[in-house]
Novice: 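Just dropping this structure here.
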Amino acid sequence: MSDRTVEVGVFVVLMAGVVLLGFGAARWRRPADPLTLEEWGVGGRAFGNWATWFLLGGSMYSAYTFIAVPAVTYGVGAVGWFAIPFAIVTTPLTFIFTTRAWSVARRHGFLTHSEFAAARFGSRGLGALIAVTGILATIPYVAVQLISLQAVLSTVGFGGELPLLAAVTLVSVCTFRSGLRAPALLSVVKDVLLAWMLLTATLMVAMYGGWDSTFRIAGERFAATPNPADGLLLPDNGHLGFLTLVIGSALAIFAYPHALLGMLAAKDRATVRRNAAALPIYCVALALMAMLGFFALARGVTPADGDLNTVVPRMIHEYFPSWSAGIAYAALSIAALIPAAVMSIAAANAFTRSLYRPYLRPGASPATEAWVSRWVSLIVKFGAAALILTVDPAFSVDLQLIGGVLILQTLPAVFLGLLTAWFHRTALTAGMLTGLAVGVGMLYGIPKTDGAGRVVADHFGGSSWPLGDGGSVYVGVVALLANLVAVVGCTLLLRAAGVREGVDTTRPDDYLADAGDPYLKRLDDLIDGSPANGRAVPAPAQHGGRYRRARPQRKADEGQPIER
């Protein structure tokens, strides 16, 4: 039996087992009533420490992370290392902010950022704008997961469009049937296989001279290239671009719809905090994968057809034992399918809760919500597949960078909103639109260059704006600053003009609530921040703040915001 046959055989057997496990996930912790969005979309909010841990790792550390990061270090060197400090910075922010998001979401029954923003600032329109932005930013993010999957499949020998579409179809059916339980269960398999791949990679590096030899040869290869921006160290004018990219990426990850989804599935605050504290373990794995880009460069691994996304799969093919290569291919493939599934679920939840229910069918039942989300999740995945099949894959990666700039503009409402409700709802909308205009305008004006610095296209050449000294700055941070200036300025002007604000229907203790709290999910029938049927918001007598007794509505399902 040839090495190639063993390699492909192990891969096929493991992927077949994964598909069967995905179908069977619907019976894992099967609830009495699975036909609700809360059960399908967030697993009944009942995941414990281990289930939450694997789900977070599966959704946040994806195949694109383990393929694209070493591809960037292979291509340009130290700049690709931004993913490691960005992941490290994310950990304390997750510990502080995600616990607050979990508590307020559990007490009010929220599933998305957009629902929270609508209730916090009393604006259904703001929630809808955040939902649309999140969906638009998520679709290209799903697309780059599929690009990574396509790179693995082509290396294994399953090139072309049909294998990719078959894989998307299988994961779509699993997600449609099992909801968030499927990626949660498959994440356990993915982490086990990934751990084996990393162990094999470490032994491989040791067998071929170790890291000293790797960095020495890689440095010599970078020195021989015409590109002044590559190398093992950042160029003198590259520090600002690197720093802003780290900051922007660390902030953006909180705003993506799928980033919140894994935490909302946790059963209590302690589970959220434990998992946030343990996330640096994944940073170690990410750092090792980034260094494998230098190893591939030092060993002379050549990407297929110039596509840097194939560097890691080709390195695995050339240097891993055949049976271990099959395991590594399966790990990378599952790492692409899991986040694609989670992202599509998160985007579908945002559509259903912030667009379909408020605007199209206010009286939708829980079963109808779940049914709509299932179909929208299919549309998101197949829409992402169509994106990479109809345009240049490199352009899809550029779209993902644009997505990061877009999603950053929701931060004042969904991130700072966890700390304060001072901002005016109209100012938040104006700030978002300002940031989006500045960000997209700057991205449009960035030329695309090749490895030698020659301009090959006039527009959408990346996410870093070139400066006069040869340096750069991440567009997302500039657009976010413009957003914040507009939000603060408009809030002051609108307050001075006496323009009415929306009612904040959250309370200070909402952000500290835990499992077993007597007010947990007290507003499950929340309609655009207003308790249905004119009921008062239950609150202990000692509470204070901006919230107040809800005014009655004419109809429970009108969905009109209450203003003060």
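Atom set for the values below is all heavy atoms of this structure, side chains included, hydrogens, waters and symmetry mates excluded. All of these numbers come straight from a predicted model, not from anything done at the bench.
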Novice: Only pairs under 3.5 Å count here: list side-chain donor-acceptor contacts from residues 5-15, not counting sequence neighbours, and write none if there are none.
Specialist:
from, atom 1, to, atom 2, distance (Å)
T5, OG1, S2, OG, 2.8
E7, OE1, H317, ND1, 3.2
E7, OE2, R4, NH1, 2.6
E7, OE2, H317, ND1, 3.1

Novice: What residues, two or more places apart in sequence or in another chain, satisfy ring pair (Phe, Tyr, Trp, His ring centres under 6.0 Å) together with F320?
Specialist: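 With sequence neighbours excluded, F320 shows a ring pair (Phe, Tyr, Trp, His ring centres under 6.0 Å) to no residue whatsoever.
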Novice: Filter on ring-ring contact (aromatic ring centres under 6.0 Å, His included), then keep only pairs touching residues 218-243, sequence neighbours left out; what's left?
Specialist: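 ring-ring contact (aromatic ring centres under 6.0 Å, His included) check on residues 218-243 returns no pairs.
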Novice: Is there a donor-acceptor pair closer than 3.5 Å between any side-chain N or O of S213 and the backbone N or O of G210?
Specialist: no
Novice: Sequence neighbours left out, what passes salt bridge (Lys or Arg N to Asp or Glu O under 4.0 Å) with R273? Give chain and number order.
Specialist: none
Novice: For the residue pair V438 and A482, what are the closest heavy atoms and their distance?
Specialist: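 So the minimum-distance heavy-atom pair works out to CG2-CB, 4.1 Å.
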Novice: Give me each pair satisfying side-chain hydrogen bond (donor to acceptor under 3.5 Å, both in side chains) with a member in residues 326-348, each pair once, sequence neighbours excluded.
Specialist: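 For residues 326-348, and leaving out neighbouring residues, the side-chain hydrogen bond (donor to acceptor under 3.5 Å, both in side chains) pairs sorted by first residue read S344-K381.
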Novice: Listed by chain and number, what are the side chain to side chain contact (heavy atoms under 4.5 Å, CB included) partners of A16, not counting sequence neighbours?
Specialist: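 With neighbours one apart ignored, the set is empty.
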Novice: Extract all donor-acceptor atom pairs below 3.5 Å that involve side chains of residues 74-96 and protein atoms in other chains or at least two apart in sequence.
Specialist:
from, atom 1, to, atom 2, distance (Å)
Y74, OH, V301, O, 2.5
T90, OG1, F86, O, 2.7
T94, OG1, T90, O, 2.8

Novice: Test D230 against T225 for side-chain hydrogen bond (donor to acceptor under 3.5 Å, both in side chains), laying out the working first.
Specialist: CA-CA 8 Å; D230 64 16; T225 66; 2.6 Å; yes
Novice: Looking only at side chains, do W196 and S324 share a donor and an acceptor under 3.5 Å apart?
Specialist: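 Yes, S324 and W196 have a side-chain donor paired with an acceptor closer than 3.5 Å.
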Novice: Closest approach of I446 and S464, non-hydrogen atoms and distance?
Specialist: CD1-O, 3.5 Å
Novice: The criterion is salt bridge (Lys or Arg N to Asp or Glu O under 4.0 Å); which residues satisfy it with E161, sequence neighbours excluded?
Specialist: none
Novice: Can you name the residues that form a ring pair (Phe, Tyr, Trp, His ring centres under 6.0 Å) with F415, not counting sequence neighbours?
Specialist: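 Result, ring pair (Phe, Tyr, Trp, His ring centres under 6.0 Å) vs F415: F97, F254.
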Novice: Mind checking what makes ring pair (Phe, Tyr, Trp, His ring centres under 6.0 Å) contact with F294, not counting sequence neighbours?
Specialist: F215
Novice: So which pairs with a foot in residues 183-209 pass salt bridge (Lys or Arg N to Asp or Glu O under 4.0 Å), sequence neighbours left out?
Specialist: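 Not a single pair qualifies under salt bridge (Lys or Arg N to Asp or Glu O under 4.0 Å).
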Novice: Looking at residues at least two apart in the chain, or sitting in another chain, which of them share a salt bridge (Lys or Arg N to Asp or Glu O under 4.0 Å) with R216?
Specialist: E220
